[in-house]
Amino acid sequence: MGRIKAIEFVNDQLRLIDQTKLPLSEEYIVTDDYERIAVSIERLEVRGAPAIGITAAYALALSLKEIKGNVGEIFEIAYLRLKQTRPTAVNLFWALERMKNVFNQAKDKSNIYNDLVNEANAIFHEDQIMCDKIAVNGLQVFRGKAKVITHCNTGSLVTAGGGTALYVIQKAFENNLVEHVYADETRPLMQGSRLTAFELDKLSIPFSIITDSSAAYVIKNVGIDLIITGADRIAKNGDTANKIGTFNLAVLAKHHGVPFYIAAPSSTIDTNCETGKDIQIEFRDSKEINSINGSQITKPGYPVYAPAFDVTPSNLITGIITEDKVFSNDYSF
Ligand code: MRU
């Protein structure tokens with residue numbers, strides 16, 4: 001089974017699988033318009049920390065595909081636009097800074113666009129390599145054939161390669177170390193029941209979708225051996241922001257003595273954040289909570305509180321699997 005190509009740069013156009021349509025329909029957005037890509041990031045048509053960074057890098061390159069006006073001004077407008085799409089995943093800012101550094105070195109060159117595309121391609125290829133290394137390092141955390149819970153979606157849809165947490169699970173499955181995966185549905189946008197289930201199905205890994213609120217029941221009654229999730233931003237002390245509900249899982253893991261791991265590339269570590277308190281949490285539109293597929297499910301106007309991420313304190317995290325090694329206890333990045 002071939003890997004899903006969620007992001008491809010072909011013929012100077014970006015091709016993104018529209019993740020809002022999955023799993024019922026496989027549709028693609030093909031564009032060379034950085035504004036359309038910015039909107040895709042905001043709508044979660046492309047989502048997940050590494051994918052947001054890679055996509056934004058290509059978008060910034062595309063802003064200079066046809067230069068009509070002042071190069072510096074065009075670049076700065078596109079850079080600022082992309083920077084404000086989503087606040088939590090640090091991969092976005094990490095990728096945009098890399099692109100800006102290349103721009104600053106090459107801004108006087110006539111082929112600046114090629115330099116920018118080359119840098120976006122480098123970010124893409126490095127991400128693939130990081131995924132492979134994370135998956136191999138992740139095998140260390142298995143102590144036998146495991147029943148695993150994961151949250152949100154962290155497979156090939158959200159990286160240039162095989163993924164982060166879900167790729168660890170895939171590699172472990174290939175090594176006969178996974179018995180069953182329980183995929184949290186991940187309210188409100190259902191990244192688990194729509195996307196993780198879709199990826200697990202394609203990989204022929206046995207799974208069940210569970211509601212987020214059944215995690216305690218499943219851990220206690222089914223007997224979960226391991227919980228692995230991805231990350232959107234990891235602070236210097238190991239505090240980790242990830243999809244809302246991850247913190248709940250970590251508390252449950254501690255209570256039941258289940259190892260709780262994060263898998264993420266180094267591009268997700270933010271050494272400018274000392275602790276999780278410094279991480280900006282995105283709040284989403286109330287429509288994502290009070291309606292489903294465009295149908296209102298509450299009385300109109302009921303107040304909603306919609307954080308999209310939470311921060312799991314490092315003392316609840318057994319280890320952080322990166323491309324370099326599995327960090328445990330000592331999270332001084
Ligand atoms: O709001 P989303 O769907 O972009 O949130 C994604 C997550 O929280 C993922 O777990 C995280 O980005 C890791 S992706 C490898």
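Counting convention: from 1, in listed order, for ligands and their atoms alike. Throughout, numbering of the chain's residues begins at 1 and tracks the sequence. It should be emphasised that the depicted structure is a prediction, and the values quoted were computed from it without experimental measurement.
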With a cut-off of 6.0 Å (strictly less than), are more than 12 heavy atoms of other residues, nucleotides or ligands near [atom1] of [X]?
| X | atom1 | value |
| --- | --- | --- |
| Tyr217 | OH | no |
| Asn70 | CG | yes |
| Lys65 | NZ | yes |

Would you call [X] a ligand 1 contact, heavy-atom distance under 4.0 Å?
| X | value |
| --- | --- |
| Asn242 | yes |
| Glu282 | no |
| Ala89 | no |
| Pro50 | yes |

[X] N/O to ligand 1 N/O under 3.5 Å:
| X | answer |
| --- | --- |
| Leu44 | no |
| Ala49 | yes |
| His151 | no |
| Asn153 | no |
| Thr159 | no |
| Thr154 | no |
| Thr164 | no |

Atoms in ligand 1 flagged as close to [X], the criterion being non-hydrogen separation under 4.0 Å:
| X | value |
| --- | --- |
| Gln191 | 1 (O), 2 (P), 3 (O) |
| Cys152 | 5 (O), 6 (C), 7 (C), 8 (O), 9 (C), 10 (O) |
| Val158 | 14 (S), 15 (C) |
| Arg86 | 1 (O), 2 (P), 4 (O) |
| Phe309 | 1 (O), 5 (O), 8 (O) |

request  = Establish, for the pair Lys243 and Phe309, whether the NZ or CZ atom is under 6.0 angstrom from the six-membered ring centre and no further than 45 degrees off its axis.
outcome  =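 Because its charged atom sits under 6.0 Å from the ring centre and within 45° of the axis, Lys243 does stack over Phe309.
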ask   = How far apart are the closest heavy atoms of Leu60 and Leu96, and which atoms are they?
value = CD2-CD2, 3.6 Å
Nearest non-hydrogen protein atom, [atom]:
| atom | answer |
| --- | --- |
| atom 13 (C) of ligand 1 | Ala231 O, 3.4 Å |
| atom 3 (O) of ligand 1 | Arg47 NE, 2.4 Å |
| atom 7 (C) of ligand 1 | Asp232 OD1, 3.2 Å |
| atom 5 (O) of ligand 1 | Lys243 CE, 3.3 Å |

request  = Might you work through the side-chain contact (heavy atoms from CB on, under 4.5 Å) test for Asp239 and Tyr331, ending with a clear yes or no?
outcome  = CA-CA 9 Å; Asp239 291 352; Tyr331 297 122; over 6 Å; no
request  = Anything under 30° is parallel, anything over 60° is perpendicular, the rest tilted; go ahead and classify Phe283 against Tyr305.
outcome  =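 Perpendicular: the ring planes of Phe283 and Tyr305 meet at over 60°.
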request  = Mind telling me whether Tyr79 and Phe75 have parallel, tilted or perpendicular rings, with 30° and 60° as the class edges?
outcome  = parallel
inquiry  = side-chain contact (heavy atoms from CB on, under 4.5 Å) for Asn248 and Asp212? Distances and angles first, verdict last.
reply    = CA-CA 9 Å; Asn248 303 31; Asp212 301 338; over 6 Å; no
inquiry  = side-chain contact (heavy atoms from CB on, under 4.5 Å) for Asp232 and Glu282? Distances and angles first, verdict last.
reply    = CA-CA 11 Å; Asp232 285 83; Glu282 177 180 15; over 6 Å; no
message = In the structure I gave you, are the side-chain heavy atoms of Lys5 and Ile17 within less than 4.5 Å of one another anywhere?
response = no
query = With a 4.0 Å cut-off, would you call Asp270 and Arg233 a salt bridge?
reply =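 Salt bridge: yes.
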